[in-house]
Amino acid sequence: QVQVVESGGGLVQAGGSLRLSCAASGRSFSMYAMGWFRQAPGKEREFVSAITWSGDSTYYADSVKGRFTISRDNAKNTMYLQMDNLKPEDTAVYYCATDSRRYYRGPADYYRGPATYQYWGQGTQVTVSS
């Protein structure tokens, strides 16, 4: 059974930092691309960032580029999202998810769509106060 669990959310002041973690189990973590999405109250789930299975390519939404950094440690079956210079508009529930295709390398747009991802975590709340 595949499990994906996010952690590291919390309350932070604007300009602060948080580091989210995503631990995956039940499948060969290193074979799959991973992604982060977020959903704010009353809004649709949106793409934040993604990383290929090998970790050599990363993708970011324009709204977080230059402030967030995605990474993965395949030996620990864990993905991270370092979030710096946080803004109130970053407030949302953050979800991580795993790709459905093993060892697949697609175009940039492939990683931005929720349909790409097969398994999702329950989410972790990030709240940024002004």
Side-chain angles (χ1 to χ4, degrees):
Q1 181 179 358
V2 178
Q3 285 191 317
V4 181
V5 180
E6 305 94 339
S7 61
L11 173 64
V12 64
Q13 289 187 331
S17 298
L18 283 174
R19 188 194 196 202
L20 303 184
S21 298
C22 172
S25 61
R27 72 178 348 185
S28 298
F29 175 82
S30 61
M31 296 181 182
Y32 298 89
M34 302 284 291
W36 287 100
F37 286 74
R38 67 186 182 187
Q39 187 167 19
K43 295 187 176 182
E44 292 187 354
R45 190 169 298 190
E46 65 173 0
F47 170 77
V48 175
S49 183
I51 187 166
T52 53
W53 60 268
S54 60
D56 62 348
S57 294
T58 57
Y59 306 91
Y60 297 94
D62 288 343
S63 59
V64 307
K65 199 173 295 182
R67 299 188 297 121
F68 290 11
T69 304
I70 191 172
S71 62
R72 65 189 297 162
D73 185 340
N74 285 343
K76 296 182 178 180
N77 287 356
T78 303
M79 175 179 66
Y80 305 98
L81 186 67
Q82 177 67 40
M83 305 186 295
D84 298 318
N85 190 22
L86 282 160
K87 303 176 180 180
E89 51 264 42
D90 295 318
T91 295
V93 177
Y94 283 70
Y95 299 89
C96 70
T98 71
D99 192 0
S100 59
R101 300 184 182 187
R102 290 187 298 176
Y103 295 128
Y104 182 73
R105 189 179 297 275
D109 285 347
Y110 172 81
Y111 300 99
R112 297 177 183 274
T116 288
Y117 301 90
Q118 183 174 14
Y119 295 102
W120 293 78
Q122 293 300 306
T124 185
Q125 176 70 47
V126 171
T127 303
V128 184
S129 62
S130 57

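Quick caveat, the model's predicted, so the values are computed rather than measured.
For the atom pair S25 OG and Q3 CD, the distance stands at 4.5 Å (nearest 0.5 Å). Of the inter-residue distances, the one linking S30 atom OG with N77 atom CG reads 7.5 Å to the nearest 0.5 angstrom. Atom CH2 of W36 and atom OH of Y94 lie 10.0 Å apart (nearest 0.5 Å). Taking OG of S129 as the start and CG of L11 as the end, the distance is 5.0 Å to the nearest 0.5 Å. Atoms CD1 and SG, from I70 and C96 in turn, are 9.5 Å apart once rounded to the nearest 0.5 Å. Atom-to-atom distance recorded for Y60:OH and I51:CD1 is 7.0 Å, nearest 0.5 angstrom.
When ring centroids are compared, Y104 and W53 stay outside the 6.0 Å threshold. For Y117 and F37, the ring centers are positioned less than 6.0 Å apart.
Judged purely by atom type and a 3.5 angstrom limit, S130 has no side-chain atom pairing as donor or acceptor with the backbone of P88.
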**Worked check of side-chain contact (heavy atoms from CB on, under 4.5 Å) between T124 and L20** = CA-CA 8 Å; T124 185; L20 303 184; 4.0 Å; yes
**Request:** Verify side-chain contact (heavy atoms from CB on, under 4.5 Å) between R67 and D90, making sure each step is shown before the conclusion.
**Result:** CA-CA 11 Å; R67 299 188 297 121; D90 295 318; 2.7 Å; yes
**Chi angles and distances behind the side-chain contact (heavy atoms from CB on, under 4.5 Å) call for N74, R72** = CA-CA 6 Å; N74 285 343; R72 65 189 297 162; 2.7 Å; yes
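A side-chain donor from one of D84 and S17 sits under 3.5 Å from a side-chain acceptor of the other. Y111 and D99 form no side-chain donor-acceptor contact under 3.5 Å, judged by distance and modelled atom types alone. Using modelled atom types, one finds a donor on one side chain and an acceptor on the other under 3.5 Å when comparing T127 with Q125. Defined by atom type and a distance below 3.5 Å, a donor-acceptor pair is missing between the side-chain atoms of T116 and R101.
In this structure, R38 fails the cation-pi test against F47, since its NZ or CZ atom is not both closer than 6.0 Å to the six-membered ring centre and inside 45 degrees of the ring normal. Relative to the six-membered ring of Y59, R112 misses at least one condition, a distance below 6.0 Å or an angle of at most 45° to the axis. Annotation: cation-pi geometry satisfied between R27 and Y32 (NZ/CZ under 6.0 angstrom from ring centroid, within 45° of ring axis).
Contact detail for C22 and V4: the closest heavy-atom pair is SG-CG1, 3.4 Å. In plain terms, the two heavy atoms of S21 and T78 that are nearest each other are CB-CG2, 4.3 Å. Across all non-hydrogen atoms, the minimal contact from Q39 to A92 is O-CB, 3.4 Å. R105 and S57 get closest at one heavy-atom pair: NH1-OG, 3.8 Å.
Transitive grouping of hydrophobic side chains (ILVMFWY, heavy atoms separated by less than 4.5 Å) keeps Y110 and M34 in distinct clusters. Taking hydrophobic clusters as Ile, Leu, Val, Met, Phe, Trp and Tyr residues chained together by side-chain heavy-atom distances below 4.5 Å, V93 shares a cluster with W120. One hydrophobic cluster, built from ILVMFWY side chains closer than 4.5 Å, holds both L81 and F29. When hydrophobic clusters are built by joining Ile, Leu, Val, Met, Phe, Trp and Tyr residues whose side-chain heavy atoms come closer than 4.5 Å, directly or via intermediates, Y95 is not grouped with Y80.
At a threshold of 4.0 Å, the pair K65-D62 counts as salt-bridged, since one of the basic side-chain nitrogens sits closer than that to a carboxylate oxygen.
No more than 12 heavy atoms of other residues, nucleotides or ligands shown are found within 6.0 angstrom of CZ on R102. By the 6.0 Å contact criterion, CD on Q122 is open, its count of non-hydrogen atoms from other residues, nucleotides or ligands being 12 or less.
Contact of the Q13 side chain with the V128 side chain is not registered, since no non-hydrogen atoms from C-beta on lie closer than 4.5 Å.
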